[in-house]
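The structure appears below as structure tokens.
Proteins come first, then strands; the chains are lettered A, B, ... in the order of their sequence lines, and each starts at number 1.
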There are 2 protein chains.
Amino acid sequence: MEMAKGLTASLEDYLEAIYHIIAEKEAVRAKDISRRLKVSGASVTGALRSLAEKRLVNYAPYDVITLTAEGGRLAKEVVRRHEVLRDFFVKVLAVEEKAANEVACQMEHIVSKEILERFIQFTEFVEVCPRGGSKWIAGFGYYCDHTGAMENCERCLQLALEEARKAKREGGHEMARSAKLSELKPGQRCRVVKLSARGETSKRLAQMGVTPGAVVEVERVAPLGDPIDIKVKGYHLSLRKEEALGVEAEVIEP
Amino acid sequence: MEMAKGLTASLEDYLEAIYHIIAEKEAVRAKDISRRLKVSGASVTGALRSLAEKRLVNYAPYDVITLTAEGGRLAKEVVRRHEVLRDFFVKVLAVEEKAANEVACQMEHIVSKEILERFIQFTEFVEVCPRGGSKWIAGFGYYCDHTGAMENCERCLQLALEEARKAKREGGHEMARSAKLSELKPGQRCRVVKLSARGETSKRLAQMGVTPGAVVEVERVAPLGDPIDIKVKGYHLSLRKEEALGVEAEVIEP
DNA sequence: GAAAGAAGTTCGGCAGGCCTAATAATATAT
DNA sequence: ATATATTATTAGGCCTGCCGAACTTCTTTC
Ligand SMILES: [Mn+2]
Ligand SMILES: [Mn+2]
Ligand SMILES: [Mn+2]
Ligand SMILES: [Mn+2]
């Protein structure tokens, strides 16, 4: 039984950098890493040796650098943490992109699984709750700019209530507009209502967080609707059309 | 001109620990620090030497340990960051105290001034906005426990609206119940409306964040109403009664 | 006031991370 | 094919931060 998985912050950043470089170029060179992380080439060589020892990268002197299966998994985890935190800072705290990325890239090595989960849920909640939502966040921006202005609350609530009622009416009887996940367009968000898929597929989906109640954002849809890239709980997933067909969802209006 | 103030995370934690030990005992012993930070005595000696070199602690071998003026200032800053972040985790993300303290004590070395400010404002906003408030946070708790339950939104908004209206009516014509800061009780929060103080006092108040619009929480009031301990923007302040008399505030109902 | 016990210090060592300078390998251009 | 430029590695150092072990200096107790 192997304990102590813990990578250092520094090594996680190297993994993260390699992951991103792979995503945009074919071959990874030590130079790319050193540019990205702003460290000397010597430091990169050292880090690569550490990572190779831990079986997270395939590396031999002067050879190309690739991630092992395990290294890829860990790298994705780091990236996920980074993105979740950055999104929180940008979307909720209205921090500018650059500053958000900086603090996220340090926090990503600190937050526990449980707290990361909370950040995801909170960001979701704020964006989805009729009492939160974009208006409310705009209100926060106003609050920041005008030291603590809290005027017109009544009107704000009034409008939110009217909108919630309208949405309910339009959604017919019980719920908001329902659809198959496969019918959504990039940028749209929905809440999973039911999984009608069976066996392996449903298992894989469930494992990645596509469960009833989960908020799903569609990121990209390929020309013929296959595959569909989505984001759930910070995970980027690529679903085949058949898989997406098996997911019933209810659209969330912005 | 001295650049590079930056203390390391480790040294900041030593300062923080010393500050807390001073607050609860008279004398600070290396042993207390080593217990608190869970490091060996040898490490404490080393850290104290670094801090003494930087003129942040008064330290000579075998002698008692105290903070210099500058060291005290920095320690308070660290504690402030810690508390602001912990409060955010506890009050907003509903993280349990212990976990919140742990992550706060790591983040405190990472967040920029600007982002700390955002955390303060956001926590304030959530607690003060009628669309936020305790009900809304409870809603978040429910959302966490029941994977994404968002039922009864309409009713929730309806209630919030009614409450906001009631509060407005009760507050008479224009605003909520207005009062001098000196009249409030521990635990109460208010928003500063006007500073009628002049000169030094008003300057000091303004510098510490007691400005129109700021949210102030009363922490303790001494028997005869002097001094009054308050918290503003994460700062703990102790006001004399005369000072508090010069602050007009509007009470925030919970 | 001496001996025992507790607290504090010094020393040497180790690990992680980073650097520069020198050297080696590879890629490119002529 | 050779010279040149680019890229990567090695070697040697520096700094922070931690440790255990040995030693020193209080503090208490009898
Ligand atoms: Mn990072
Ligand atoms: Mn990152
Ligand atoms: Mn800390
Ligand atoms: Mn702390």
Side-chain angles (χ1 to χ4, degrees), chain A residues 3-18 21-22 25-67 71 74 78 102 105-106 108-110, chain B residues 3-18 21-22 24-67 71 74 78 105-106 108-110:
Chain A
M3 242 319 276
K5 167 100 70 26
L7 280 177
T8 62
S10 170
L11 290 186
E12 283 192 344
D13 279 343
Y14 280 100
L15 276 186
E16 193 190 18
I18 295 168
I21 295 165
I22 287 177
K25 307 177 50 170
E26 356 53 69
V28 180
R29 317 175 130 289
K31 190 79 183 308
D32 300 321
I33 302 174
S34 92
R35 236 203 323 272
R36 198 168 191 111
L37 295 182
K38 290 175 185 148
V39 293
S40 72
S43 301
V44 174
T45 305
L48 287 174
R49 271 224 294 254
S50 293
L51 291 172
E53 229 167 61
K54 297 179 157 65
R55 308 276 158 195
L56 299 177
V57 299
N58 302 115
Y59 165 75
Y62 299 104
D63 203 354
V64 287
I65 300 152
T66 53
L67 291 170
L74 289 183
V78 177
E102 267 164 31
C105 206
Q106 301 204 247
E108 72 196 3
H109 315 292
I110 283 178
Chain B
M3 243 317 278
K5 167 100 69 26
L7 280 178
T8 62
S10 171
L11 290 185
E12 283 192 344
D13 279 342
Y14 279 100
L15 275 187
E16 193 190 19
I18 294 168
I21 294 165
I22 287 177
E24 57 192 41
K25 306 179 51 171
E26 355 53 70
V28 180
R29 321 176 129 285
K31 190 80 182 307
D32 299 322
I33 302 174
S34 90
R35 236 203 323 272
R36 199 169 190 110
L37 295 182
K38 289 177 184 146
V39 293
S40 72
S43 302
V44 174
T45 305
L48 287 174
R49 270 225 292 253
S50 293
L51 290 172
E53 227 166 63
K54 297 179 157 65
R55 308 275 158 193
L56 301 177
V57 299
N58 302 115
Y59 165 74
Y62 300 103
D63 203 355
V64 287
I65 300 152
T66 53
L67 290 170
L74 290 182
V78 177
C105 206
Q106 302 206 245
E108 74 197 1
H109 315 290
I110 284 177

Please work out if Arg49(A) contacts a base, only the sugar-phosphate, or nothing of the nucleic acid, heavy-atom cut-off 4.0 Å. sugar-phosphate
With five pairs defining each end axis, the helix from dG1(C)-dC30(D) to dT30(C)-dA1(D) comes out bent, to 10°, by 0°
Under the side-chain contact (heavy atoms from CB on, under 4.5 Å) test against Leu67(A), which residue among Val57(A), Leu51(A), Asn58(A) passes? Val57(A)
Contact state string [nucleotides 16-26 of chain C, B base, S sugar-phosphate only, - no protein heavy atom under 4.0 Å]: SSSBB---BS-
Partners of Ser40(B) by side-chain contact (heavy atoms from CB on, under 4.5 Å), sequence neighbours excluded? Ala42(B), Ser43(B)
I need the Ile18(B) CD1 to Asp13(B) CG distance, nearest 0.5 Å. 11.0 Å
What pairs with Ile21(B) under side-chain contact (heavy atoms from CB on, under 4.5 Å), at least two apart in sequence or on another chain? Lys25(B), Val28(B), Asp32(B), Ile33(B), Arg36(B)
Is there a side-chain polar atom (N or O) of Tyr59(B) under 4.0 Å from OP1 or OP2 of dT9(C)? yes
Partner residues of Thr8(A) under the side-chain contact (heavy atoms from CB on, under 4.5 Å) criterion, sequence neighbours left out: Ser10(A), Leu11(A)
Integer-rounded Å distance: dT7(D) C1' and Ile33(A) CD1: 13 Å
Figure out the CD1/C1' separation between Ile65(B) and dC26(D), and round it to whole Å. 14 Å
Could you check whether atom CD of Glu24(B) has more than 12 heavy atoms from other residues, nucleotides or ligands sitting under 6.0 Å from it? yes
Can you list the residues that meet the side-chain contact (heavy atoms from CB on, under 4.5 Å) rule with Ile110(B), with sequence neighbours excluded? Val103(A), Gln106(A), Ile110(A)
Quickly work out the Asp63(B) CG to dT25(D) C1' distance and round it to whole Å. 13 Å
On a heavy-atom basis, the closest approach of Ile65(A) and Ala30(A) is CD1-N, 4.0 Å
